[in-house]
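Labels below follow one simple rule: chain letters A, B, ... track the order of the sequence lines, proteins then strands, and each chain is numbered from 1.
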Amino acid sequence: MKSEPKIYSFDDLKRDRETVWDGVRNYQARNFLRQMQVGDLAFFYHSNIAFPGLVGLVRVVATLADPTQFDPNSRYYEPKSTPECPRWQTVRVEFVETFPLISRETLKQEFSTEELIVLRQGNRLSVMPVVEKVALQILALANSKIAQS
DNA sequence: GCCAACGTTGGC
DNA sequence: GCCAACGTTGGC
């Protein structure tokens, strides 16, 4: 799950404890959101900063229709959506743990663009899947960094 | 339905 | 700040 820290950082999530991943208006990203289930873990990625990369772990605690689509005052308002037939789906996530930055540079050294969608040039999705094998390797990397610090 | 123009994202 | 890579929009 990717966010610009200037807009919403991992520290913001740590402070809030939970957040709704609202405002995603890309169909491919929405389809990934639909696949997410309560209990799923996700990495939090900081984008559009000097040192982009993974900064921690979050967990899905609920799946829901994106509430902003029903709010006429929201920039994400979707007049065609109704509570019975919402167009945009999302999840609520909770803070799990912070780990020392796994930089984009490190990720590129360790993984290919086939393995990690976030490494692909021109990638613009706010949510993207990571296969289990790669996820476990990243977790191992995170744990070794925690052990070092 | 095609596609040029435009706006946005995000690495560098 | 630049610019490549997208997605979206809208004229036709």
Side-chain angles (χ1 to χ4, degrees), chain A residues 1-16 18-36 40-60 63-131 133-142 144-146 148-149:
Chain A
M1 306 187 80
K2 184 177 68 182
S3 182
E4 297 189 29
K6 281 172 214 159
I7 295 168
Y8 193 81
S9 71
F10 196 52
D11 277 344
D12 292 333
L13 176 61
K14 188 175 182 180
R15 178 200 63 211
D16 298 343
E18 293 189 349
T19 196
V20 173
W21 210 257
D22 58 18
V24 176
R25 293 295 180 271
N26 173 289
Y27 285 100
Q28 199 182 353
R30 182 201 64 182
N31 294 341
F32 290 144
L33 282 164
R34 279 180 171 168
Q35 290 170 20
M36 297 175 83
D40 282 353
L41 293 172
F43 296 109
F44 198 104
Y45 181 91
H46 274 171
S47 68
N48 209 10
I49 44 163
F51 300 101
L54 301 175
V55 289
L57 261 188
V58 303
R59 184 186 295 111
V60 175
T63 62
L64 69 162
D66 185 336
T68 61
Q69 70 192 308
F70 308 124
D71 177 5
N73 297 317
S74 170
R75 62 178 288 207
Y76 302 115
Y77 180 55
E78 172 53 70
K80 287 173 187 158
S81 280
T82 62
E84 295 74 32
C85 188
R87 181 162 299 196
W88 302 107
Q89 181 75 15
T90 192
V91 294
R92 175 182 284 275
V93 293
E94 67 174 0
F95 171 86
V96 175
E97 69 167 356
T98 304
F99 48 69
L101 176 72
I102 301 179
S103 69
R104 181 178 181 82
E105 204 173 327
T106 299
L107 291 172
K108 280 162 96 174
Q109 284 164 13
E110 300 289 329
F111 303 102
S112 67
T113 54
E114 288 74 36
E115 287 173 309
L116 265 184
I117 298 173
V118 77
L119 296 180
R120 288 178 205 168
Q121 199 172 23
N123 148 70
R124 293 170 65 170
L125 297 178
S126 169
V127 181
M128 53 211 116
V130 183
V131 297
K133 180 190 152 206
V134 173
L136 291 172
Q137 287 176 271
I138 295 172
L139 280 176
L141 248 174
S144 71
K145 278 178 177 278
I146 289 169
Q148 279 168 32
S149 62

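Rounded to an integer number of Å, the gap from A:Phe51 CZ to B:dG10 P is 19 Å. Between the CZ atom of A:Arg25 and the C1' atom of B:dT8 there is a distance of 16 Å, given to the nearest Å. Atom CZ in A:Arg104 sits roughly 10 Å away from atom P in B:dG10 (whole-Å rounding). Atom NE2 in A:His46 sits about 16 Å away from atom C1' in B:dT9, given to the nearest Å. In this structure, the CZ atom of A:Arg30 is 11 Å from the P atom of C:dT8, given to the nearest Å. Atom pair A:Leu107:CG and B:dG11:P shows a separation of 11 Å (rounding to whole Å applied). Separating the CD1 atom of A:Ile7 from the C1' atom of B:dG10 is a distance of 11 Å, rounded to the nearest angstrom. Atom pair A:Leu119:CG and C:dA5:P shows a separation of 16 Å (rounding to whole Å applied).
Here the nucleotide nearest the side chain of A:Asn26, chosen from C:dG7, B:dC12, B:dG11, is C:dG7.
Taking the charged nitrogens against the carboxylate oxygens, A:Arg30 and A:Asp66 have no contact shorter than 4.0 Å, which rules out a salt bridge. Ion pairing between a basic and an acidic side chain is recognised when a charged N comes within 4.0 Å of a carboxylate O; A:Asp11 and A:Lys14 show no such pairing.
Judged by closest nucleotide on DNA chain C, A:Asn48 is the one of A:Asn48 and A:Tyr27 placed further toward the 5' end.
For B:dT9, the OP1/OP2 oxygens have no side-chain nitrogen or oxygen of A:Lys2 closer than 4.0 Å. An OP1 or OP2 oxygen of B:dT9 is reached within less than 4.0 angstrom by no side-chain nitrogen or oxygen of A:Tyr45. Phosphate proximity of C:dA5 to A:Gln121: present, with a side-chain N or O under 4.0 Å from OP1 or OP2.
Although no hydrogens or angles enter the test, the distance criterion places no donor-acceptor pair under 3.5 Å between the side chain of A:Lys108 and the main chain of A:Leu119.
Applying the ring-ring contact (aromatic ring centres under 6.0 Å, His included) rule to A:Phe10 yields the partners A:Phe44, A:Phe95; only residues at least two apart in sequence or on another chain are considered.
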